[in-house]
Amino acid sequence: MDTVLVTGGAGFIGSHLVAHLLRARDVRRVTVLDGLTYAGSTRNLGEALRSPRCAFVRGDIRDAALVDEVVAGHDAVVHLAAESHVDRSFAEPGIFLSTNVMGTQVLLDAAARHGVAKFVHVSTDEVYGPLATGSADESAPLRPTVPYAVSKAAGDLVALSYHRIHGVPVCVTRSSNNYGPAQHPEKMIPLFTTRLLRGRPVGLHGSGEHVRNWLYVADHCRGIDLVRRHGRAGEVYNIGGGTDLTTADLTGLLLTLTGADPALVTCVPDRTCNDIRYPMRIDKITDELGYRPEQQFREGLAETVDWYRANPDRWAPVPRDPHAAQPDAGHLVTGRVTR
């Protein structure tokens with residue numbers, strides 16, 4: 001049975017993945033490494049931290065000494081820790097490059113030293129850049145347009161280079177837009193949902209014509225785990241959902257689910273480099289690993305809105321201090337691994 005390290009495991013996708021792994025029959029122990037920045041919280045992990053099979057380490061993936069200690073003894077690393085908000089990357093590109101590139105390199109160095117059996121580097125469809133027509137498969141050129149996507153593309157290339165040069169069994173996954181319960185309210189679905197539930201206005205970029213593919217977080221976690229277990233080293237796997245929507249159509253669905261007044265929606269000037277669409281093909285992971293998105297979008301969206309409606313303490317207002325008012329973290333440690 002495997003021991004798995006999940007970086008960024010106190011974030012949105014990471015915490016869902018930790019819960020998924022703790023249900024997996026081939027996983028003996030899960031360790032979470034997370035810096036608990038503004039988007040990470042031990043509250044996201046919930047009951048997982050009360051499991052004797054789960055340990056938590058608070059730390060920065062750029063801390064080489066800590067990372068070396070944490071990686072030791074793990075069979076697999078699933079690397080989700082990243083700066084990920086596009087708007088923030090315009091103002092603070094250095095943080096994105098430092099964390100998403102140099103932090104990835106630090107982890108890969110440790111993985112090479114300790115001989116991990118699988119290193120899954122979790123990335124994004126945004127590395128392909130916008131496509132007016134057609135869809136990107138895993139061999140498509142990388143043409144990122146914003147600092148966030150640039151930093152992720154660079155991290156992808158660093159990870160794949162460690163497979164070629166050092167033999168680290170790396171797989172890269174690239175997903176479309178995730179949604180689901182407990183996502184930080186900086187992303188579109190939780191941002192619009194929480195504002196509409198409070199009767200607050202929301203701003204739709206441009207005329208709402210941007211198209212995104214929506215992937216339910218549980219489907220993404222299943223895809224990541226398939227790659228962890230069966231993905232071929234040195235390969236890239238796209239993971240997508242089954243629904244493409246314009247931002248205007250998505251906003252209409254959120255208005256219906258929240259019961260909000262349509263007058264709350266206004267069009268605002270589009271942000272710089274707001275790519276019109278990120279289409280990609282998922283034939284590879286479907287054919288090789290048997291992946292299929294299972295969650296119907298409208299049902300998943302309704303479940304997501306219901307979660308925000310039922311849990312206002314998690315987002316209204318979003319606390320400035322992400323470490324404040326958190327419950328007992330069980331196996332929480334600071335800067336060292338508990339064994």
* Would you kindly confirm whether Leu22 and Leu80 end up in one hydrophobic cluster when ILVMFWY residues are joined by side chain heavy atoms under 4.5 Å apart? => yes

- Task: Report yes or no: do Leu226 and Val18 belong to one cluster of Ile/Leu/Val/Met/Phe/Trp/Tyr joined by side chain heavy-atom distances under 4.5 Å?
- Result: yes

Worksheet item: Got a donor-acceptor contact below 3.5 angstrom from the Arg28 side chain to the Arg53 backbone?
Response: no

Rounding to 0.5 Å, atoms OG1 (Thr243) and CD (Gln295) come to a distance of 9.5 Å

Distance col, row Thr194:OG1 vs His184:NE2, nearest 0.5 angstrom, shows 10.0 Å

In terms of heavy-atom contacts, Ala153 and Leu142 come closest through CB-CD1, 4.1 Å

### Flag if over 12 foreign heavy atoms under 6.0 Å of CZ, Arg298
no

Phe12 meets the ring-ring contact (aromatic ring centres under 6.0 Å, His included) criterion, sequence neighbours left out, with His16

Apart from Leu204 itself, its cluster of hydrophobic side chains linked below 4.5 Å comprises Tyr179, Met188, Ile189, Leu191, Phe192, Leu196, Val202, Trp214, Tyr216, Leu245, Leu250, Leu253, Leu254, Leu255, Leu257, Leu264, Val265, Phe297, Leu301, Val305

Those residues at least two apart in sequence (or on a different chain) that pass side chain to side chain contact (heavy atoms under 4.5 Å, CB included) with Ser176 are Asp125, Asn213, Leu215, Met280

Interatomic distance, CG@Leu5 vs CG@Leu107, rounded to 0.5 Å, equals 7.0 Å

Practice prompt. Under the side chain to side chain donor-acceptor pair (under 3.5 Å) rule, what do His74 and Thr31 come out as? Steps first, then yes or no, please.
Written response: CA-CA 9 Å; His74 288 87; Thr31 301; 2.8 Å; yes

Is there a side-chain contact (heavy atoms from CB on, under 4.5 Å) between His121 and Thr173? Walk through the geometry before answering. CA-CA 6 Å; His121 174 68; Thr173 64; over 6 Å; no

task = I would like to know whether Arg113 and Asp68 meet side-chain contact (heavy atoms from CB on, under 4.5 Å); could you show each step before the answer?
result = CA-CA 8 Å; Arg113 279 193 297 272; Asp68 188 75; 2.8 Å; yes

Report task. May I ask you to test the Val217-Asp219 pair for a side-chain heavy-atom distance under 4.5 Å? Result -> no

Note: with side-chain heavy atoms under 4.5 Å as the link, the other cluster members for Val211 come out as none

Kindly indicate, with the supporting measurements, whether the criterion side-chain contact (heavy atoms from CB on, under 4.5 Å) is fulfilled by Asp60 and Leu66. CA-CA 8 Å; Asp60 192 320; Leu66 175 62; over 6 Å; no

* **Sub-4.5 Å side-chain heavy-atom contact between Arg292 and Thr286** => yes

Notebook entry, point to check: Would one find more than 12 heavy atoms of other residues, nucleotides or ligands at under 6.0 Å from atom CZ of Arg277?
Noted result: yes

Val122 backbone acceptor or donor facing Lys152 side chain under 3.5 Å: yes

Could you check Ser175 against Asn178 for side-chain contact (heavy atoms from CB on, under 4.5 Å), going step by step and ending with a plain yes or no?
-> CA-CA 8 Å; Ser175 80; Asn178 280 234; 3.3 Å; yes

So the salt bridge (Lys or Arg N to Asp or Glu O under 4.0 Å) pairs with at least one residue in residues 224-243 (sequence neighbours excluded) are Asp2-Arg228, Asp26-Arg228, Asp225-Arg228, Asp225-Arg229, Arg232-Glu235, Arg232-Glu288, Glu235-Lys284

**Message:** For the backbone of Val158 and the side chain of Ser161, can you confirm whether one donor and one acceptor N or O come within less than 3.5 Å of each other?
**Reply:** yes

Any sub-3.5 Å donor-acceptor pair from Thr256's side-chain atoms to Gly252's backbone N or O?
yes

For the pair Tyr291 (side chain) and Gly240 (backbone), establish whether a donor and an acceptor sit closer than 3.5 Å, ignoring hydrogens and angles.
yes

Pair Arg314-Tyr308, side-chain donor/acceptor within less than 3.5 Å:
no

Does a side chain donor of either Arg195 or Thr193 reach within less than 3.5 Å of an acceptor in the other side chain?
no

**Prompt:** Between the main-chain N or O of Gly103 and the side-chain N or O of Asn100, is there a donor-acceptor pair closer than 3.5 Å?
**Reply:** no

Query - In one Ile/Leu/Val/Met/Phe/Trp/Tyr side-chain cluster, 4.5 Å: Tyr128, Val150 - result: no

In short, Ser151 meets Val101 closest at the heavy-atom pair O-CG2, 3.5 Å

When rounded to the nearest 0.5 Å, the distance separating OG1 of Thr99 from CD of Glu92 is 10.5 Å

Requested in this report: Check whether any side-chain heavy atom of Val32 lies under 4.5 Å from a side-chain heavy atom of Thr42, and answer yes or no.
Outcome: no

Between the OH atom in Tyr278 and the NE2 atom in His210, the distance rounded to the nearest 0.5 Å is 9.0 Å

Donor-acceptor pair, Glu209 side chain versus Ser207 backbone, under 3.5 Å?
yes

Donor on one side chain, acceptor on other, Thr104 and His79, under 3.5 Å
yes

Does any N or O in the side chain of Asn311 come within less than 3.5 Å of the main-chain N or O of Asp313, such that one atom is a donor and the other an acceptor?
-> no

Looking only at heavy atoms, the pair that brings Gly8 and Ala81 closest together is N-CB, 3.5 Å

Quick note, ring pair (Phe, Tyr, Trp, His ring centres under 6.0 Å) partners involving residues 132-168, not counting sequence neighbours, are Tyr162-His166

Value for CZ (Arg198) from OG1 (Thr258), rounded to nearest 0.5 Å, stands at 12.5 Å

Shortest non-hydrogen pair, Ala64 vs Val106, comes out as CA-CG1, 3.7 Å

Between Leu49 and Cys54 the two heavy atoms that sit nearest each other are CD2-SG, 4.1 Å

Closest non-hydrogen contact found for Gly242 with Pro293 is N-CG, 4.1 Å

Can you hop from Leu131 to Ile239 via hydrophobic side chains spaced under 4.5 Å?
no

- Message: Would Arg222 and Glu294 count as a salt bridge (Lys or Arg N to Asp or Glu O under 4.0 Å) here? Give the steps.
- Response: CA-CA 10 Å; Arg222 285 192 306 101; Glu294 295 178 355; 3.7 Å; yes

| said: Run Thr247 and Arg212 through side chain to side chain donor-acceptor pair (under 3.5 Å) and show every step you take. | reply: CA-CA 7 Å; Thr247 52; Arg212 297 292 183 262; over 6 Å; no

Would you find a donor on one side and an acceptor on the other, under 3.5 Å apart, between the side chain of Lys118 and the backbone of Val78? no

Residue pair Ile61 / Leu33, side-chain heavy-atom distance below 4.5 Å:
yes

Output yes when a side-chain donor or acceptor of Asp75 lies under 3.5 Å from a complementary backbone atom of Ala117, and no otherwise. no

* Are Val27 and Ile13 linked, directly or through other ILVMFWY residues, by side chains that come within less than 4.5 angstrom of each other? -> yes

Between Thr246 and Asp249, a side-chain donor and acceptor under 3.5 Å:
yes

Per side-chain hydrogen bond (donor to acceptor under 3.5 Å, both in side chains), Arg174 is matched among Asn238, Asp156, Thr124 by Asp156

